[in-house]
Amino acid sequence: MKKYNTILVILLTIIVFLSTLTPVKAVADDSDALKQAPDGLPVSNYFSILNPLRPSVADTNYPFMHNSAKIDPDNKNIVILAKGNVNDEDPDSKDGAYGAAWSDMNKNNYIDITKHQTVSVWLYFGSGDYGGSNINGEGMALVLQNDPRKNTNNQSQALGAGYQGLGSLGYDRSTLNYSNQLWGLSNTISNPQTPTPDYVARTAIQNSVSLDFNAERNDTISGSGLSKNGPIELYKTPITYNFTGSAYGIQEYTLNGFDTVDTSDPYGRKISKDYPGYNDLIAQRPLLDYALRQGNSGGNGFGSISMTYPGNSLTYQLGDLLTTAGNYSYFTNKKAMSTVQAYTKSASLINGSDNNRKDIYWHHVTFTWNPAQDINGNPTKDGLPVSGGTPASITYHFNDKMPDGSTNIGNTFYQKVDDTIPVDPSQFDLTNGNTKVYWGVTGANSNDSNVHSKLAIFESIPALATAKVSSKIIDHSLNDQFITDNNSTVPERRVFNNDKLTFDYALNFDNESSHQNWKNIISKINLPNNDIRFDTATITYHTDSGQNDDKTEVESIPLNWDKETTNEIKHDLIHSLGTFNDVNTPNNYTSANIDFNGTAINTAASMITVNPEPAVFTGSNAIETTSSPQFYIENNSGNNKLLQLEVSKDLDFQNINYQTDSKLVTRKSPFILNVTSLQSPWILQVSSNGLFLNNTADKFNGNLVYKENESSDPLSISNNLKTIAQDQKSYENMTTDYLARDWTSEDGILLQPTSPHNKVGKYTGTMNWEVVNAPENNAKN
């Protein structure tokens, strides 16, 4: 006898467990990553790479006046933000390299803060090393900005500091005076100085919001996180002796302390209430959960992700400098600059591996700007929040896709990280009705001589052509029920041998967020040919996404399987998608459904698992990917039986008075009780241990009961299972009984007081539901 159990909990307590996993060391170098680079868009078509203009507070000795970023000469879709390997003859190949690539507004590449805008990029940090994170340091940042530094062509020339600044944050210029006497026989170091938060902020990218991928922890307190070489000297006045044999000058350092935690403020309560969006950040995630903190409160030695405002002085706070290692000893009585970071989360910014232990070099990031909304849920016209509305936010998904474009469904050593972070759009300082900001990626190397490069590939660009692709499997043999990555009406995702299936790939153009059509789309779809016998394939183009006034066109896809790539179908779509005037899109098709029809095959002795297969749709101005959902095919034994139970997770009853004389108390909330069967008669049973006051031993004077109809006697529900419904028929087609759909206030699950006296308070309990196979009678439908 097979059982299916479910428990109804009237009061549900959720406990969240946090854990970290030790990454597997991946031995690889940059060349391996370059060989396995995913598809991307040509960088020069949409981005500019220019040397920065000097910050207003910087003097002529300012060390960050060069942009190391460049386009890879062998793959024009890769931008090298900071090249590693100091033995390379390239002058930009060194420890401490830093750079940025910015969206070119002349190429219609920008983010409009009044619209939902999505960016997707691939990032490469390096292999990682058990000896420390320096080999992958320092990291990268995805930045939105309105920095005034630009050329006459409106191309951005903004850049922050290198090293711990990631190319986005500011320069913690710390100085020492030196004095050499008698031609160097006597050396004196004096007058250590550290910068003000205002100075550091003004050397950063101005008017900006940054999502930081911090691969190296820069900490002046923790021994394990201590930067490899302590302070890094970035400038020294050349020694020129005067006629007395004396020389005087200044030495400049970065103290590498941006991730130093304020141990006296573990929950960020000292963070200024004037910090941008402070109330929204705290409302969504209380201080106890590290919404804001000085220093890196996350990270497992292999990296973290957080949000900062690089150009705001409240991002920078002086932190403790307790170590005397190396040149830190000169600054013992000073403090090192740290940063305020929002919503820090651990992330493995190192090479990963799939479940077959194959190396994964690239990390996919989907980044979405969610505009501020008014009280009616509409984006505000200027992008700024209003009273009673919803604040703007950024959402990111890290490691959400595998390098082949398929969905990451839970690889142990390629873990996903997701978050949504409220942001303050006023930080962009937009004026005169302008709502557009630059966006781009910055990166910086550590001072390790074996440091890996920082590489980025742009997969989709906001405001050009924005589209969404998704996939589902439709089982026509199970009444057209479906399977997707996030949902399934097919019980347990199990189909059967000889079931008729359709693999549907939906491409939807987002007209609101685009101003170009999605052009020259090439589809490359992998299909599980070993498990499905595909017969036909079509593309159906729609003008209105399947609505009433939809106009369609059907295109056939030939299934001429190449013997060397028997799982892949490559096909050029004959139409672009979009509504903008374009000679190639006269029909204004806005969506397309690509359907592959076939039959499930499983002649084995047991059920088989069909893993996701990638699908990549490459246009000239956007690349979108998805994958077929994972599902299972039952074997050919003929025992194609299913039994599924769906029950509401909670149930509320009407409030009652202390001295109630009600014979029955009815439900306050609707209730779901569905049994789905296929060739499986069933019996539904329920039990309960009663209701108790405020989680105490005080039991409610009464019983949960079940009434089949208004005139039937109540059936008391106790610790022993009671049968309340059954169906002894065996159905050839999947059938669902909606048992609670027609319940009234006089039948179904009710509460029956046995005494007029119950203590005041809230009573909670559980109900245990079981559906079991029943003996079959001879009747069949």
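All residue numbers in this chain count up from 1 along the given sequence. Atoms considered below: every heavy atom in the structure, side chains included; atoms not considered: hydrogens, waters and symmetry mates.
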- Task: Look up atom OG1 in T489 and atom CD1 in I474, then write down how far apart they are to the nearest 0.5 Å.
- Result: 9.5 Å
- Task: Please examine the side chains of I633 and I601, heavy atoms only from C-beta on, and report whether any two atoms are closer than 4.5 Å.
- Result: no
- L750 versus R667: any side-chain heavy-atom pair under 4.5 Å? yes
- Task: Step through the shown structure and confirm whether more than 12 heavy atoms of other residues, nucleotides or ligands are within 6.0 Å of NZ on K472.
- Result: no
- Message: Applying side-chain contact (heavy atoms from CB on, under 4.5 Å) to L739 and I724, what does each step give before you reach the verdict?
- Response: CA-CA 10 Å; L739 300 174; I724 67 167; over 6 Å; no
- Report yes or no: do S393 and N370 form a side-chain donor-acceptor pair below 3.5 Å? yes
- Task: Evaluate the side-chain contact (heavy atoms from CB on, under 4.5 Å) criterion for residues N511 and T590: first the C-alpha distance (whole Å), next the side-chain angles of each, then the deciding distance (0.1 Å), finally the verdict.
- Result: CA-CA 8 Å; N511 188 67; T590 58; 5.9 Å; no
- Task: State, to 0.1 Å, how close S716 and K722 come at their nearest heavy-atom pair, and which atoms those are.
- Result: O-NZ, 3.0 Å
- Within a strict 4.5 Å, meaning less than it, do heavy atoms of the T118 and T366 side chains meet? yes
- Message: Looking at I305, is its backbone amide N or carbonyl O close enough to the side chain of Y343 to form a donor-acceptor pair, meaning the two atoms are under 3.5 Å apart?
- Response: no
- Message: Within the 3.5 Å criterion, strictly below it, is a donor on N486 or T484 matched to an acceptor on the partner's side chain?
- Response: no
- Run the numbers on D510 and K115 for salt bridge (charged side-chain N to carboxylate O under 4.0 Å, His left out), then give the verdict. CA-CA 11 Å; D510 186 346; K115 298 179 179 179; over 6 Å; no
- Message: Rounded to the nearest 0.5 Å, what separates atom OG1 in T466 from atom CH2 in W518?
- Response: 10.5 Å
- Message: For I672, is there any backbone N or O sitting under 3.5 Å from a side-chain donor or acceptor partner on S648?
- Response: yes
- Item | Interatomic distance, H364 atom NE2 to N408 atom CG [nearest 0.5 angstrom] | 11.5 Å
- Task: Compute whether any side-chain donor of one residue and acceptor of the other, for E555 and H575, lie under 3.5 angstrom apart.
- Result: no
- Task: Evaluate the side-chain contact (heavy atoms from CB on, under 4.5 Å) criterion for residues V675 and T735: first the C-alpha distance (whole Å), next the side-chain angles of each, then the deciding distance (0.1 Å), finally the verdict.
- Result: CA-CA 8 Å; V675 177; T735 302; over 6 Å; no
- Flag if over 12 foreign heavy atoms under 6.0 Å of OH, Y706: yes
- Tested for side-chain contact (heavy atoms from CB on, under 4.5 Å) against I473, the lone hit among F596, F482, F503 is F503
- Message: Checking the side chain of R493 only, and the main-chain atoms of Q630 only, is there a donor and an acceptor separated by less than 3.5 Å?
- Response: yes
- Taken to the nearest 0.5 Å, the spacing of F631 CZ from R494 CZ works out to 14.0 Å
- Query: Is there a side-chain contact between T666 and Q654 (heavy atoms, below 4.5 Å)?
  - Reply: yes
- Task: Scan side-chain atoms only and decide if N597 and T536 contain a donor-acceptor pair under the 3.5 Å cut-off.
- Result: yes
- Should I113 and W369 count as side-chain neighbours, where that means a heavy-atom distance under 4.5 Å? yes
- Task: Measure the shortest side-chain to side-chain distance between Y763 and N701 over non-hydrogen atoms and say whether it is less than 4.5 angstrom.
- Result: no
- Query: What pair of heavy atoms forms the shortest contact from L643 to S677, and how long is it?
  - Reply: CD1-CB, 4.0 Å
- Hey, is the main chain of K668 close enough, under 3.5 Å, to the side chain of D652 for a donor-acceptor pair? no
- Side chains of K500 and T599: donor-acceptor distance under 3.5 Å anywhere? yes
- Query: Do the ring planes of F671 and W743 sit parallel (below 30°), tilted (30 to 60°) or perpendicular (above 60°)?
  - Reply: parallel
- Task: For D280 and Q284, indicate whether the former's side chain and the latter's backbone hold a donor-acceptor pair under 3.5 Å.
- Result: no
- Query: Is there a donor-acceptor pair closer than 3.5 Å between any side-chain N or O of N376 and the backbone N or O of N378?
  - Reply: no
- Task: Supply the atom-to-atom distance K707 NZ to I749 CD1, rounded to the nearest 0.5 angstrom.
- Result: 12.5 Å
- Message: Give me the atom names and distance for the closest heavy-atom approach of D698 to K759.
- Response: OD2-NZ, 3.2 Å
- Should K345 and F398 count as side-chain neighbours, where that means a heavy-atom distance under 4.5 Å? no
- Task: Scan side-chain atoms only and decide if S470 and T626 contain a donor-acceptor pair under the 3.5 Å cut-off.
- Result: no
- Message: Minimum heavy-atom separation for D400 and H397, please, with both atom names.
- Response: OD1-O, 3.5 Å
- Looking only at atom types and distance, does a side-chain atom of D404 sit under 3.5 Å from a main-chain N or O of P614, one as donor and one as acceptor? no
- Task: Compare all side-chain heavy atoms of M607 with those of N635 and state whether any distance is below 4.5 angstrom.
- Result: no
- Item | S688 (side chain) donor-acceptor with T766 (main chain) under 3.5 angstrom | yes
- Message: Looking at S471 and S627, would you say the former's side chain and the latter's main chain have a donor-acceptor pair under 3.5 Å?
- Response: yes
- How far apart are the C-alpha atoms of L673 and W769, what are their side-chain angles, what is the distance that settles it, and do they pass the side-chain contact (heavy atoms from CB on, under 4.5 Å) test? CA-CA 10 Å; L673 183 60; W769 297 87; 3.7 Å; yes
- Query: Between the side chains of N593 and D504, is a donor N or O closer than 3.5 angstrom to an acceptor N or O?
  - Reply: yes
- Return the minimal non-hydrogen interatomic distance between S523 and I594, and the atom names on each side. CB-CD1, 4.5 Å
- Side chain of D475, backbone of L478: donor and acceptor closer than 3.5 Å? yes
- Message: Please report the interatomic distance CG(D727) to CG(D737), rounded to the nearest 0.5 Å.
- Response: 5.5 Å
- Taking all non-hydrogen atoms of both residues, which atom of A342 and which atom of L292 are closest, and how far apart? CB-CD2, 3.7 Å
